[in-house]
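All values derive from a computational prediction rather than experimental measurement. In what follows, residues are counted from 1 in the order of the sequence shown.
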Amino acid sequence: MKNKLNSTAIFLLFALALFSLMAFTSVYRVVTNPIVKLPIKGIAPIEITPLTVSNVELEIKTHHDFLDAIGFRESGNRYDIVNKYGYMGKYQFGKSTLKGLGFKVTQDEFLNSPYIQEKAMQSLLEHNQKKLKRQIEKYCGQTINGVYITESGILAAAHLGGQGNVKKFFRNGSEFKDGFGTNITTYMEQFGGYYLNL
């Protein structure tokens, strides 16, 4: 008896579903065609309005923006400045770093040449990018110790503390601080997200 009731219930549900489907597909709607009106069987099309985004500004932080921002942080973008530790110019280069990059100039020559300073900064960024290639490929896009890692942030940190200290940070979390107490993660955060032309 129970099986008979189940079979009857299944039959009724099937019949109801079939009836609903037939009723749904037999509806006729008229769709306006720019040329002629034609009756169309089925569901009338719905007009879709494309979504638009207005009043949104996309900020693209360029290579030039990066140089301007890091130069401002280092020296107020002054080419002629020397700090109390002997670091020189817009980007606060040390003599040993310049020598390592192949720049054999006197302090006066360096301070009086924006061209040499900009060339030195480009050389340093390219050099550090090459030396930190593994770290850039491995860690960019991750958040480490609360810091979102980007290539420009890594290279800014290397400018502040050297590539060796950046490698130590990724290896064991140790943070280098410069003579003013600024640590490398400060630079990673502040100068992250720039599109560098290297």
Side-chain angles (χ1 to χ4, degrees), residues 58-142 144-198:
L58 295 176
E59 182 186 7
I60 298 174
K61 300 193 290 187
T62 66
H63 188 86
H64 175 76
D65 295 331
F66 174 80
L67 294 175
D68 186 59
I70 202 165
F72 186 80
R73 175 70 190 254
E74 292 285 306
S75 69
N77 281 325
R78 289 181 55 190
Y79 290 104
D80 61 345
I81 197 168
V82 180
N83 76 9
K84 67 180 182 178
Y85 298 107
Y87 291 95
M88 307 175 291
K90 177 179 176 181
Y91 303 107
Q92 295 293 279
F93 272 91
K95 291 177 182 177
S96 60
T97 301
L98 286 172
K99 188 176 178 182
L101 292 170
F103 289 86
K104 297 175 182 175
V105 292
T106 66
Q107 179 173 301
D108 285 341
E109 287 172 330
F110 186 74
L111 292 174
N112 290 303
S113 178
Y115 172 79
I116 292 174
Q117 291 187 38
E118 295 298 337
K119 191 173 178 184
M121 185 60 172
Q122 185 70 16
S123 295
L124 180 64
L125 289 170
E126 290 170 0
H127 174 77
N128 284 338
Q129 182 192 48
K130 183 178 176 182
K131 295 294 183 181
L132 294 166
K133 182 180 178 184
R134 192 175 74 78
Q135 287 74 20
I136 290 167
E137 289 174 353
K138 185 174 181 180
Y139 297 108
C140 278
Q142 296 184 36
I144 299 174
N145 294 347
V147 180
Y148 184 73
I149 307 300
T150 66
E151 180 181 41
S152 63
I154 288 174
L155 296 180
H159 179 74
L160 177 72
Q163 57 181 281
N165 285 312
V166 172
K167 289 177 181 177
K168 284 180 189 174
F169 169 77
F170 287 119
R171 193 164 48 246
N172 58 31
S174 66
E175 283 217 47
F176 168 84
K177 290 185 180 182
D178 72 359
F180 297 104
T182 306
N183 57 32
I184 59 173
T185 53
T186 300
Y187 269 43
M188 282 186 190
E189 287 181 308
Q190 184 175 356
F191 302 110
Y194 288 85
Y195 295 91
L196 302 182
N197 182 23
L198 299 174

>> Is there a side chain to side chain contact (heavy atoms under 4.5 Å, CB included) between L124 and Y91? Walk through the geometry before answering.
In response: CA-CA 11 Å; L124 180 64; Y91 303 107; over 6 Å; no
>> Between F103 and F110, is the side chain to side chain contact (heavy atoms under 4.5 Å, CB included) condition met? List the steps.
In response: CA-CA 9 Å; F103 289 86; F110 186 74; over 6 Å; no
>> Show, in sequence, the C-alpha distance, side-chain angles and deciding distance for Y194 and E151, and conclude whether the side chain to side chain donor-acceptor pair (under 3.5 Å) test is met.
In response: CA-CA 8 Å; Y194 288 85; E151 180 181 41; over 6 Å; no
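By the 4.5 Å heavy-atom criterion applied to side chains, M88 and K95 are counted as neighbours. Within the 4.5 Å cutoff, the side chain of L67 has heavy atoms near those of the L125 side chain. Between Q135 and Q163 the shortest side-chain heavy-atom distance does not fall below 4.5 Å. Between T186 and R73 there is a side-chain heavy-atom pair separated by less than 4.5 Å. Side-chain contact between F169 and M188: present, with at least one pair of heavy atoms (C-beta onward) separated by less than 4.5 Å.
Of the N and O atoms on the side chains of Q122 and E126, at least one donor lies less than 3.5 Å from an acceptor on the other residue. Residues D108 and T106 bring no donor and acceptor atom of their side chains to less than 3.5 Å of each other.
Atom NE2 of residue H127 and atom CG of residue L101 lie 6.5 Å apart, to the nearest 0.5 angstrom. I136 contributes atom CD1, which lies 13.0 Å from atom NZ of K130 (distance to the nearest 0.5 angstrom). To the nearest 0.5 Å, atoms CD1 (I149) and CD (Q142) are separated by 8.0 Å. The structure places OG of S152 at 11.0 Å from CD of Q190, a figure rounded to the nearest 0.5 Å. Note: I70 CD1 to N77 CG = 10.5 Å, rounded to the nearest 0.5 Å. Between the CD atom of Q107 and the CZ atom of F93 there is a distance of 14.5 Å, given to the nearest 0.5 Å.
Few gaps surround NZ on K61; more than 12 heavy atoms of other groups in view lie less than 6.0 Å from it. The 12-atom threshold is exceeded at OH of Y85, counting heavy atoms of other residues, nucleotides or ligands nearer than 6.0 Å. Around atom OH of Y87, no more than 12 heavy atoms belonging to other residues, nucleotides or ligands sit under 6.0 Å away. More than 12 heavy atoms of other residues, nucleotides or ligands sit less than 6.0 Å from atom NZ of K167.
Scanning both residues, I154 and L132, for their nearest heavy atoms gives CG2-CD1, 3.8 Å. Taking each heavy atom of N128 and A158 in turn, the nearest pair found is ND2-CB, 3.6 Å. Residues E74 and K90 come closest through the heavy atom pair CB-O, 3.4 Å. Between E109 and I116, the shortest heavy-atom contact is O-CD1, 4.3 Å. Considering all non-hydrogen atoms of both residues, S75 and I81 come closest at CB-CG2, 3.6 Å. Residues Q129 and L155 share a closest heavy-atom pair of N-CD2, 3.5 Å.
Side-chain atoms of D65 come within 3.5 Å of backbone atoms of T62 as a donor-acceptor pair (strictly under, hydrogens ignored).
Classification of the Y187-F191 ring pair by plane angle, with boundaries at 30° and 60°, yields perpendicular.
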